[in-house]
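Working notes for the structure below.
Every chain is numbered from 1 and lettered A, B, ... according to where its sequence line falls, protein lines coming before strand lines.
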Amino acid sequence: MVVQNSDISEVFEQIADLMEIKGDNPFKIRAYRNAARTIGGMPHSVADMVTQGEDLSTITGIGKALAQKMEEIVATGTHSLLHKLKEELPADLLLMLKIPTLGPKRVKALHSKLGITTLEELELAARAGKIRTLDGFGVKTEQGIRAELERLQTTEQRLKLVVAEQIATVLTGYLKELPGLSDIEVAGSYRRRKETVGDLDILVARDREAPIMDHFTTYQEVERILMKGETKSSVVLRSGLQVDLRVVPHRSFGAALQYFTGSQTHNIAIRSRAQKMKLKVNEYGVFKGEEQIAGRSEEDVYTALGLPYIEPELRENRGEIEAALDNRLPRLVSLPDIQGELHSHTTYSDGLCSITEMALAAQARGYEYLAITDHSQRLTIAHGLTVPRLRQQLQEIDYLADKMKGIVLLKGIEVDILDDGSLDLPDEILRELDIVIGAVHSKFKLPLSQQTERIIKAMDNPLLHIIAHPSGRLINERAPYDVDMDKIITAARDRGCFLELNAYPDRLDLNDIYCKAAKEMGVKIAISTDAHSLRDLDNIRYGLGQARRGWLEPEDVLNTHNLENLTKLLQR
DNA sequence: GCCGTTTTCGGCCCGACTGTTTTCAGTCG
C-alpha cells in the first residue's frame, strides 16, 4: 500500500480532533492541524521523501516529533498515538464534531456525563430530553442538535465554484437593492477562487444607518437564520448553502476584506507577523496601540505590514508571505494574457457547434488561434473520429482557413490513450496535425503504477503534445484515478510535453497544487476550456482562477504565447 | 508541538454571536 499525503493529513486531523476533546494543549493541537494542512498541500509524496531519506523536519511547521510520526504513518498507514486515543475515546465522537454548535468541550461533556458514544445514542438522548439537563446545554441547543442530525442525513458538501457563483450573483444583486450600501464583495474561498466553496462570506461597507440585516435575513431564499447581530448574520439558503454577512464601516473595508478573504492560515501568519512588529491586525484595521494606521484598502493593510499586495488566490500560507518578503511574488496570469484556445470540440464529435461557429466565437474573444480537437474513434459514445472522418475535417479546416480572417485554426485531436499507453490513431495521421492532445477516457481503475506507466508511455510518442485533464477527476463526482502525478510531471519535462489545466468547472484538472509543481519543474500548462459549445469558451476564467492559485505566470502557460512562439514550443 | 528581529523558554491571531448565564464559556470563521 502506498501512503498518500492525504492519508497522513487525515491521521493528524483525527489526532487533533481527539486531543481537542481530551482537552490537550490547544497550541499542540494547532501544530497537528498546521501539519495536516501543509502536507495536504504538498505536491511531493511524503512517502517518496521518506524512501529517499529526506529530512522531513526541514518542512516548515514540521519538527522532530511530527517528522518521526510521519515516518511511522508512511510505514504503517496509521499511527500508534491515534490508536491509543481511539481506545480512550469512541471514534464516533469525531462525527459529533461535525455538528454545528458541538465543539470539543460539549462533545466531551456529552460523552463523560451522559455516556454517549455514537450518533444514534446522541439522537436518543436528544429525543429523551436528557441533553438539556447538562450544564451549559439548554432546550435550544438540544433542538438544534436534533435538527442538525437530520440535516446530516441529506449529505451536504461543498458547492462547486460555478454553482456558488450563480447563487452569489443573485444574492448580491438583491442586497444592492437596499439604499445606503456602497462596497459589497464576496470574500472567503470564493474570492480565492477555490474549486469548491463551503459557504459564502459577504462583506458590506456602510456609512449611514440602513436595515441591512433585516434586508438580508428576509431574502426569499433564506430557509433558516443561524444568527443575527449588529455586524454579523448567518443564514442557510434553501440550496443548503450557508451565507455569512458582515457589515463594517468604510474605513475598515480593506481590513475586513483581507480578513474575510482568508485563508485562516494566511491570516494567522499575517497576524503573527504584525505581532512581531508590535502591531495588531483585526477586521477593523491595522493598529499601533489605539491608533488605526491602515484598513481602508487591502493594499494599505499589506503595506502597513511591510509587504507588497498579495493576490487572494495566493493566500493559502503556501509560501506567499515569504515570497512577498523576498520580492518574488509571481505576476499571475490573467485573461488578457490568453492568446488562444487549444482544446475545443465541434459537431464532428460531441460538440454542439460547427467549426465556423467556434472559430467566430474564439475570434470575438480576441484570440489569435483556435485548435479544433475532436475525439478519436475509440470514444464511440462521443462520435469519435476515424481516420477518414478526421481527413474530412482537416479538409474543411483547410477550406475555412482561406476564408477566415483574424483567427488561425489549428488542426488537432483529443486522442484516446489506450489501455496499453498507445494512441487511438495511427502516427501517419497524427503527423499531419498541429496539435495532439492525449486523454484517458477508460480504465480509470488501473493500479497506480500501471496508470502512471500508461500515461508516460503515451508521452513517449513524440507526436503527442499535451496530456488532457491529467488526473481524470470530476469535482464532487469522481475521484482522480490513481496516478503518480510527480512522475507524470517529471516525464513531461523530460519529453518536452505539456500538461493541461482543463478549465471546465467540474474538472479544474490539473489542480492548483500540481500546477505549482509543474511550474517549479519547468513544465508549461495549457489552460484549455475543452469547449463543447460557444459559451463554454468563457470557462477560461475558472481555469485562470485555478492557474493563479497554482502561482502560474504568463510564461508558465502555453496559450499565452503568440502563434509564432506556440508553433516553436509544439516542436518536440 | 513548533519556533526564534527580545527568546532554546515562553510564547502561539482575533473578534462576533448565542445560549445559558447573571458575567461568560463555547463555538465559529
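If you check B:dG19 for Watson-Crick or wobble pairing at under 3.5 angstrom, you find it paired to B:dC24.
Ring orientation note: the planes of A:Tyr174 and A:Tyr219 are tilted relative to one another, at an angle of 30° to 60°.
An OP1 or OP2 oxygen of B:dT5 is reached within less than 4.0 angstrom by no side-chain nitrogen or oxygen of A:Lys276. Distances shown here put every side-chain N or O of A:Lys108 at or beyond 4.0 Å from the OP1 or OP2 atom of B:dG26.
Taking 3.5 Å as the limit, the base of B:dG1 and the side chain of A:Asn25 contain a donor-acceptor pair of atoms between them. Between the base of B:dG29 and the side chain of A:Tyr259 there is a donor-acceptor pair shorter than 3.5 Å.
Within 4.0 Å of A:Arg30, counting heavy atoms only, lies at least one base atom of the nucleic acid. At a threshold of 4.0 angstrom between heavy atoms, the contacts of A:Ile29 with the nucleic acid are absent. Residue A:Gln264 is in base contact, counting any heavy-atom pair closer than 4.0 Å across all strands shown.
Here the side chain of A:Lys280 is nearest to one of B:dC14, B:dA16, B:dC3, namely B:dC14. Side-chain proximity of A:Lys105 to the nucleotides B:dG29, B:dG26, B:dG15 is greatest for B:dG26.
Checking each of A:Gln166, A:Glu477, A:Glu165 against A:Lys160 for a side chain to side chain donor-acceptor pair (under 3.5 Å) leaves exactly one that passes, namely A:Glu477.
Spacing between B:dG1 and B:dT5 at atom C1', rounded to whole Å, works out to 23 Å.
Salt bridge status for A:Glu20 with A:Arg33: present, with a side-chain N to carboxylate O gap under 4.0 Å.
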